[in-house]
Amino acid sequence: MMTPGAPVSILTIVGARPQFIKAAAVSRAIAARHDVTETIVHTGQHYDANMSDVFFDDLVIPRPGRHLGIGGGGHGAMTGRQLELLEGVLLETMPDWVLVYGDTNSTLAGALAAAKLHIPVAHVEAGLRSFNRRMPEEINRVVTDHVSTLLFAPTATARSHLLAESINPDAIRLVGDVMYDAALFYRDRARMPEGFSELGLAPGGFVLATIHRAENTDDPDRLAAIFRGLAGSGQDVVLPLHPRTRQALASLNIAIPDRIRVIPPVGYLEMVWLELNCGSIATDSGGVQKEAYFHGKPCVTMRDETEWVELVEAGWNTLVGADADAISAALSDPRCPPGRAELYGDGTAAEQVLDHLVASGNSQNRAPT
Ligand code: UD1
Ligand code: UDP
């Protein structure tokens, strides 16, 4: 229970790569103030050193107070085990707020565990919608939003999706995107990935690609078409390979064309360096689409829809699906429109999140909206 005058206690639940980066922005803001305390719980969803530890080390994220060690397995098994263990952690700690990020299984488990215990849930990156219910992330984000007490929307479009789903407007805060905060802070700290100079690529002379979305990795035709499309661009491609995609390529026996340079997943500081030094970006990642924009690079998105529609409308992002010809064509003639509006706030989203959590601290035990 919240004690007047005491710092607001936040229990942050993370598990997957993009959440470490989002949490880094907020944890950094927490370190600069005295009215908030934070304990981080890592579900273990991502567990390889280059998918997890590297972010805590490089971005100086406080070490998780608890690590649940639950990675791998199907959606039901993973989410169910996370839910069970998170409930135990929450019963022990009873924080003023549970803070969750994005749309992974760890987000869903954290939000459900907290809401059932009547602990208020704050959802950072609320209101994102692809309107494709076949995506696991869409289920996770819809459910999370509907059990959250405070919903931090990164964009006006996200806010409008929440309103259209009859979420209480008083529960929504339009704060901008914590990933923009991170991009602004870490861009001066970017560093060249080890071994990159041996690839012999000139700055600006390569496409940076990432692929991990289930709809692409789990469909052999789509995955093969994506590789044909990247190869058909006639450019050198640097591909830090997600473990999910590595496994899919191995099991499908898809050969990697010569000019696609596969490297292991890189840390965030290296990733930002690649984003700053590439010519264009091809991705199915949510976060990387926005980082392309933050760093002024044209983006080709290898999905059939995107949650970040404002980038498509602004002409910085081209949606090409898993169509080999469309991928090659878009990468051969990348679009870089003049001007970049501030679509994702002013770089103070993390501070705003904390201000709202402190101001609403006495909303403890309010029923979910
Ligand atoms: C998850 C999220 C997705 C997010 C992505 C970020 C869900 C449903 N999906 O997808 O929204 O965009 O993280 O990267 O939560 N693996 C390893 N080592 C690791 C992590 C994963 O080998 O460190 C392998 C395991 O075989 C695992 C598979 O990758 O089963 C998939 O991992 P999982 O966390 O289930 O989903 P992602 O595809 O990473
Ligand atoms: N990223 C990284 N190393 C990589 C690939 C991505 O640090 O090898 C970062 C990227 O810069 C972005 C985040 O991971 O900040 C995006 O995560 P991912 O693409 O795994 O998930 P999504 O955003 O699609 O949920």
Side-chain angles (χ1 to χ4, degrees), residues 14-25 42-56 58-59 69-79 81-82 100-110 125 128 130 134-141 143-144 154 177-183 186-187 190-191 193 208-218 238-248 250-251 262-276 278 281 283-292 294-295 297 299 301-303 306-308:
V14 293
R17 175 167 70 186
Q19 293 165 332
F20 309 140
I21 293 149
K22 293 165 199 174
H42 188 324
T43 64
Q45 180 169 346
H46 285 176
Y47 47 86
D48 292 342
N50 58 14
M51 294 293 289
S52 177
D53 289 357
V54 66
F55 300 99
F56 287 85
D58 283 355
L59 309 185
I70 304 169
H75 289 281
M78 185 195 292
T79 313
R81 287 161 62 221
Q82 291 175 352
V100 293
Y101 294 93
D103 52 21
T104 73
N105 289 346
S106 301
T107 314
L108 175 65
E125 213 177 73
L128 271 285
S130 65
R134 293 180 60 82
M135 283 182 77
E137 293 86 355
E138 186 78 351
I139 309 294
N140 292 344
R141 50 173 93 103
V143 175
T144 299
D177 193 332
V178 295
M179 288 195 88
Y180 183 47
D181 301 11
Y186 291 108
R187 65 184 297 159
R191 63 172 181 242
L208 172 65
T210 75
I211 310 159
H212 75 275
R213 196 62 59 193
E215 73 219 37
N216 288 331
T217 59
D218 297 3
V238 176
L239 173 62
L241 196 60
H242 192 287
R244 177 186 203 100
T245 318
R246 187 186 65 224
Q247 287 165 11
S251 72
V262 171
I263 60 173
V266 293
Y268 181 70
L269 301 181
E270 282 87 5
M271 187 65 182
V272 173
W273 189 92
L274 290 168
E275 290 169 345
L276 289 167
C278 67
I281 293 181
T283 190
D284 61 7
S285 158
V288 176
Q289 287 176 60
K290 285 175 295 167
E291 287 167 358
F294 300 154
H295 302 310
K297 304 294 165 151
C299 185
T301 295
M302 302 178 292
R303 288 181 49 196
T306 178
E307 298 78 17
W308 305 104

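We count ligands from 1, going down the list as the structure has it; atoms in each ligand are counted the same way.
Any N or O atom pair closer than 3.5 Å counts here, and T104 shares no such pair with ligand 1. An N or O contact shorter than 3.5 Å is missing between H75 and ligand 1 by distance.
Sorted by chain then number, the residues whose non-hydrogen atoms approach ligand 2 to under 4.0 Å are R17, P18, I21, F55, M179, H212, R213, P240, P265, V266, G267, Y268, M271, E275, S285, G286, G287, V288, E291.
The side chain to side chain contact (heavy atoms under 4.5 Å, CB included) with T210 is formed by just one residue from the set T283, T245, I281, V238; it is T283.
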Derivation of the side chain to side chain contact (heavy atoms under 4.5 Å, CB included) call for T144 and D103
CA-CA 8 Å; T144 299; D103 52 21; over 6 Å; no

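Distance from atom 30 (O) of ligand 1 to its nearest protein heavy atom, with residue and atom name: G72 CA, 3.8 Å. In this structure, atom 19 (C) of ligand 1 lies nearest to the protein heavy atom D48 OD2, 3.6 Å. Looking from atom 17 (C) of ligand 1 to the surrounding protein, the closest heavy atom is Y47 OH, 3.1 Å. In this structure, the protein non-hydrogen atom closest to atom 12 (O) of ligand 1 is H212 NE2, 2.8 Å.
Atoms of ligand 1 found under 4.0 Å from any heavy atom of M51 (numbered from 1 in listed order, with element): 23 (O).
For P18, every heavy-atom contact with ligand 1 shorter than 4.0 Å involves the side chain, none the backbone. For H46, heavy-atom contacts with ligand 1 shorter than 4.0 Å involve the backbone as well as the side chain.
Among residues two or more places apart in sequence or in another chain, the side-chain contact (heavy atoms from CB on, under 4.5 Å) test is passed with R246 by L241, P243.
Nearest to atom 9 (N) of ligand 1 by heavy atom, out of E137, Q247, H242, R213, is E137.
Aromatic ring centres of F56 and H42: separated by under 6.0 Å.
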